[in-house]
Amino acid sequence: MRSQPIEAACAFQLSLDGGGRSGAENMAIDAELLDRAAGTGHKASCGFLPLRPALSVAGRNEPAARYDHAEIARRGLDAVRRPTGGRAVWHEQTR
């Protein structure tokens, strides 16, 4: 017998992307997932999204002036801000 409350509580979205996207593209996906969660009540999402190039992701409330964006760009790296809080996180694919 299936239980709708249990199925609803256990439902989540899984995203796999083998090609890799820029930090800005991935943050746009994250923002869309947050908007959908707010509108539908589905709050669980798990994504495996390779990031190219390596990048620093700052939290929503972290001061942007803390980073030298010109130097980041000169090194061919990426820097974005995620729509949620927290501190900066470095993402780099090693393979």
Side-chain angles (χ1 to χ4, degrees):
M1 183 162 126
R2 298 178 84 164
S3 168
Q4 288 182 350
I6 291 174
E7 285 184 16
C10 295
F12 71 95
Q13 176 177 335
L14 175 64
S15 300
L16 301 171
D17 182 349
R21 298 178 190 271
S22 71
E25 290 171 311
N26 279 315
M27 291 307 105
I29 290 169
D30 282 356
E32 176 65 24
L33 289 171
L34 283 172
D35 287 346
R36 285 185 188 180
T40 65
H42 294 286
K43 301 201 180 340
S45 180
C46 179
F48 297 94
L49 309 168
L51 300 166
R52 293 190 178 91
L55 77 144
S56 174
V57 180
R60 180 183 65 210
N61 300 319
E62 193 164 9
R66 183 176 290 174
Y67 305 99
D68 184 344
H69 297 282
E71 180 64 16
I72 290 169
R74 187 188 71 73
R75 292 179 182 229
L77 304 173
D78 199 0
V80 296
R81 182 176 302 278
R82 70 179 168 277
T84 57
R87 293 280 186 150
V89 177
W90 178 255
H91 295 274
E92 183 173 12
Q93 188 168 338
T94 58
R95 295 184 204 181

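Note that the structure is a prediction, hence the values are computed from the model and not measured.
Shortest non-hydrogen contact noted between Tyr67 and Ala88 is OH-CB, 3.1 Å. Nearest heavy atoms, Arg82 versus Val57: NH1-O, 3.1 Å. In terms of heavy-atom proximity, Trp90 sits nearest to Leu77 at CH2-CD1, 3.7 Å. Between His69 and Ala79, the closest heavy-atom pair is ND1-CB, 4.2 Å.
Surrounding CZ of Arg87 are at most 12 heavy atoms belonging to other residues, nucleotides or ligands under 6.0 Å away.
In this structure, the separation between CZ on Arg66 and OG on Ser56 is 10.5 Å, given to the nearest 0.5 Å. Asp78 contributes atom CG, which lies 9.5 Å from atom CE of Met27 (distance to the nearest 0.5 angstrom).
A distance-only check finds a donor-acceptor pair linking the side chain of Arg81 to the backbone of Gly59 [under 3.5 Å].
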